[in-house]
Amino acid sequence: MRLFVSDGVPGCLPVLAAAGRARGRAEVLISTVGPEDCVVPFLTRPKVPVLQLDSGNYLFSTSAICRYFFLLSGWEQDDLTNQWLEWEATELQPALSAALYYLVVQGKKGEDVLGSVRRALTHIDHSLSRQNCPFLAGETESLADIVLWGALYPLLQDPAYLPEELSALHSWFQTLSTQEPCQRAAETVLKQQGVLALRPYLQKQPQPSPAEGRAVTNEPEEELATLSEEEIAMAVTAWEKGLESLPPLRPQQNPVLPVAGERNVLITSALPYVNNVPHLGNIIGCVLSADVFARYSRLRQWNTLYLCGTDEYGTATETKALEEGLTPQEICDKYHIIHADIYRWFNISFDIFGRTTTPQQTKITQDIFQQLLKRGFVLQDTVEQLRCEHCARFLADRFVEGVCPFCGYEEARGDQCDKCGKLINAVELKKPQCKVCRSCPVVQSSQHLFLDLPKLEKRLEEWLGRTLPGSDWTPNAQFITRSWLRDGLKPRCITRDLKWGTPVPLEGFEDKVFYVWFDATIGYLSITANYTDQWERWWKNPEQVDLYQFMAKDNVPFHSLVFPCSALGAEDNYTLVSHLIATEYLNYEDGKFSKSRGVGVFGDMAQDTGIPADIWRFYLLYIRPEGQDSAFSWTDLLLKNNSELLNNLGNFINRAGMFVSKFFGGYVPEMVLTPDDQRLLAHVTLELQHYHQLLEKVRIRDALRSILTISRHGNQYIQVNEPWKRIKGSEADRQRAGTVTGLAVNIAALLSVMLQPYMPTVSATIQAQLQLPPPACSILLTNFLCTLPAGHQIGTVSPLFQKLENDQIESLRQRFGGGQGNIVRELKAQKADKNEVAAEVAKLLDLKKQLAVAEGKPPEAPKGKKKK
């Protein structure tokens, strides 16, 4: 291999550091060339760094070269590293290029340089702090660390540009900079000149635009795109056709069944475990994301069925039943209602919300098993399992906790480590503990059934080869699936030594049930079967049905591998997933949600905050963890509510409606469009079409930005034209005020429909205030139509949103940040034993006394109960 580098070219830094790490694994000849030398024969412009492989092929992307060297070193790819590399290319590099250009070429200093990159540096610092790990992807150095270090080194090697308050970033940067491969790379590229060594290279780069300087922001651009006369004319024509452009509404079906010749969309949310109350991360990860797409699908007049339900079998349910002194069925009944109530409050528009403890679940699961058994895809083997002698039961994987054998994380589960992401066999855990009683389990053998995944692997590969091209599988779903396949599929146990589950219909296994992850995904089929006896028209109809499945990334293998293998092996023409949509994780402030520690907002608590469900929906969708993990923040919730909803969206819609009421007696005025108005029509149309493109690709968070962008355009349009002044002027001024008001209120009407998937209650409120004609409320075309023509009478207009105050948010932060008060509230909510509640209340009062003493205040007198 031959590596071509050049002095003063920043991309050579990480490449040389990665090559240094791989020393001894492969023979690499390093050649220094001039920046103008053409190394790659088929490229028309000079390019370094370049790696020429022994095969004669060339790699000339910095990250691709670094990846190659890391793979030579035995490094295994992981999802988090890929996310960092994507962020580095799309977010960090534009901001960093601007900062280096300002510093080296323009001679700027201080905040003029740091301002363009500060947000990116803060993001790295916060990520390192939140993970509490020395490196970006965990406990060990990864490809992401070297690529980001190499990008940042020219700037951060000057301490003036490494802010002291970013302590985690400071520690990470110093750790890498002191390593020998990184030191040698820096000496080779910068030649003891520091960042000035980059001047010849940077002087040949284009001057960064202001947009590049703020590349890491998510705020929409205010600049309007250039439009052709044809685009403007088409937008005006569509506008003028108005309501007559709307097609007739699809007739309502009950039950909803596929229709030949139509687009039939089947949507599922991952089935939540019945014994847990879902937190905000669970809600955004599956049901809320799927609900947005289901509502959008209906607005497009696609024939849509959206289903979900509670996953009710397994050890988790048995254990919860023991804790609460109920039977497993009673626990399922209780928590199914809790789940249903939470989703109802969040306005999730299921066509079906079912459950897995039904005769249909047993029938369909056993049928699929019998087909797999008959075709030779089921194996028998002896399994070593952990058994808790104290609880007198075999322990399900998730009810064992111990030290991860791979990374040493002390709270790894028996099936997977949440820190390094590796799958674990529970018996491999070091220092295992039963999560119920905390005793140390023993290893015992038991005979079990396995799904022969290696035998089905070729069928799965062929199916994926047909499915993935042109599909909308999220990158993390594709990566997780490919990583399993790269390592080779292994037989997977599908039975458990439990009583609460789907019985195994095989002699010798009568005392066992199916493992919940074999039959939980079959729950989608049985829930549909309980909805309609024609369920097979959805689930055995891949030619006519488009299946979208929503989940968090930890559920991907069961939907992309286990269930498809089961269905392909059963050979019964099952409908398989077309588009697998997986989110990353949502964290809470700087940590994880924890019901036991009273940390984070859970679904049943959100209702008691006084914040409407639509505000929760909006904020969760605004921070939806699409490309990487994100975090719920009370401060950010306040800012987004007060800026985006109150000052932007609510302000525009309220002003547009109020102008109609105040200046025109509640009737939409005549509109005489000027060329500027026509251009605005075209810009709104363009943003509407962008919204459609994003939602068709299930880019839910980005599509929400399109709504806010249109609202900003509307606010700017009103501010520039000042209808409140023109209404007092000449006849021409009054006519202009009418046009501006009429166009603005029609933009508000459009926004009400675009908002419907995100904020259905707010959407309905706007439509009621504007008295939007019913057909326009239920259909969203790709063009902006005049749905409120001149003479249309609107209703009473009132504000849509309320300001969130700092005191209110701080109170909520303290309430949900964990602590003794939450423990007491949780015990009371569970109607726990009075003595247990009293003991915890006593602890709480003692803590309050200690706090009062520390603050120099007199302790509060105990409050007695009021007499009735």
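Numbers here simply count residues along the sequence, with the first being 1. Since the model is a prediction, treat every value here as computed from it, not as a measurement.
Remark: the backbone N or O of H279 is paired with a side-chain donor or acceptor of N282 at under 3.5 angstrom. Here the side chain of D629 pairs no donor or acceptor atom with the backbone of P625 at under 3.5 angstrom. Within the 3.5 Å criterion, the main-chain N or O of P503 finds a donor-acceptor partner in the side chain of Q366. Distance alone, capped at 3.5 Å, is enough to place a donor-acceptor pair between the E318 side chain and the K499 backbone. A donor-acceptor pair is defined here as one N or O able to donate and one able to accept, closer than 3.5 Å; such a pair exists between the side chain of S578 and the backbone of L547. The closest donor-acceptor contact from the side chain of W539 to the backbone of A529 lies at 3.5 Å or more, if one exists at all.
Counting heavy atoms from C-beta on, the side chains of D572 and I368 never come closer than 4.5 Å. Annotation: side chain of I342 is in contact with side chain of V277 (closest heavy-atom distance under 4.5 Å). Counting heavy atoms from C-beta outward, R355 and H339 have side chains that stay 4.5 Å or more apart. Side-chain contact check for I267 versus F293: some heavy-atom pair is nearer than 4.5 Å. Looking only at side-chain heavy atoms (C-beta outward), Y524 and H559 come within less than 4.5 Å of each other.
In this structure L506 satisfies the side-chain contact (heavy atoms from CB on, under 4.5 Å) test together with F369, L373, Q380, L449, V504, F509, sequence neighbours excluded. Judged as a ring-ring contact (aromatic ring centres under 6.0 Å, His included), and not counting sequence neighbours, H448 has no contacts. Residues meeting the side-chain contact (heavy atoms from CB on, under 4.5 Å) test with C286, sequence neighbours left out: S269, A270. Taking Y619 as the reference, F632 meet the ring-ring contact (aromatic ring centres under 6.0 Å, His included) condition, with sequence neighbours excluded. Contacts of V403 classified as side-chain contact (heavy atoms from CB on, under 4.5 Å), with partners at least two apart in sequence or in another chain: E410, K430, K431. The side-chain contact (heavy atoms from CB on, under 4.5 Å) search around N276 returns Y273, not counting sequence neighbours.
Between the side chains of T382 and Q447, at least one donor N or O sits under 3.5 Å from an acceptor N or O. For the residue pair Q549/T268, the side-chain donor-acceptor check at 3.5 Å is satisfied. Checked by atom type, the side-chain pair R298/S349 shows a donor-acceptor distance below 3.5 Å.
Using a 4.0 Å cut-off between a side-chain N of Lys or Arg and a carboxylate O of Asp or Glu, D291 and R295 qualify as a salt bridge. Contact check on D554 versus R413 returns no salt bridge, with no Lys/Arg side-chain nitrogen under 4.0 Å from an Asp/Glu carboxylate oxygen.
Separating the CG atom in L586 from the CD1 atom in I623 is a distance of 5.0 Å, to the nearest 0.5 Å. K490 contributes atom NZ, which lies 9.0 Å from atom CD of E457 (distance to the nearest 0.5 angstrom). The distance from the OH atom of Y306 to the OG atom of S297 is 12.0 Å, given to the nearest 0.5 Å.
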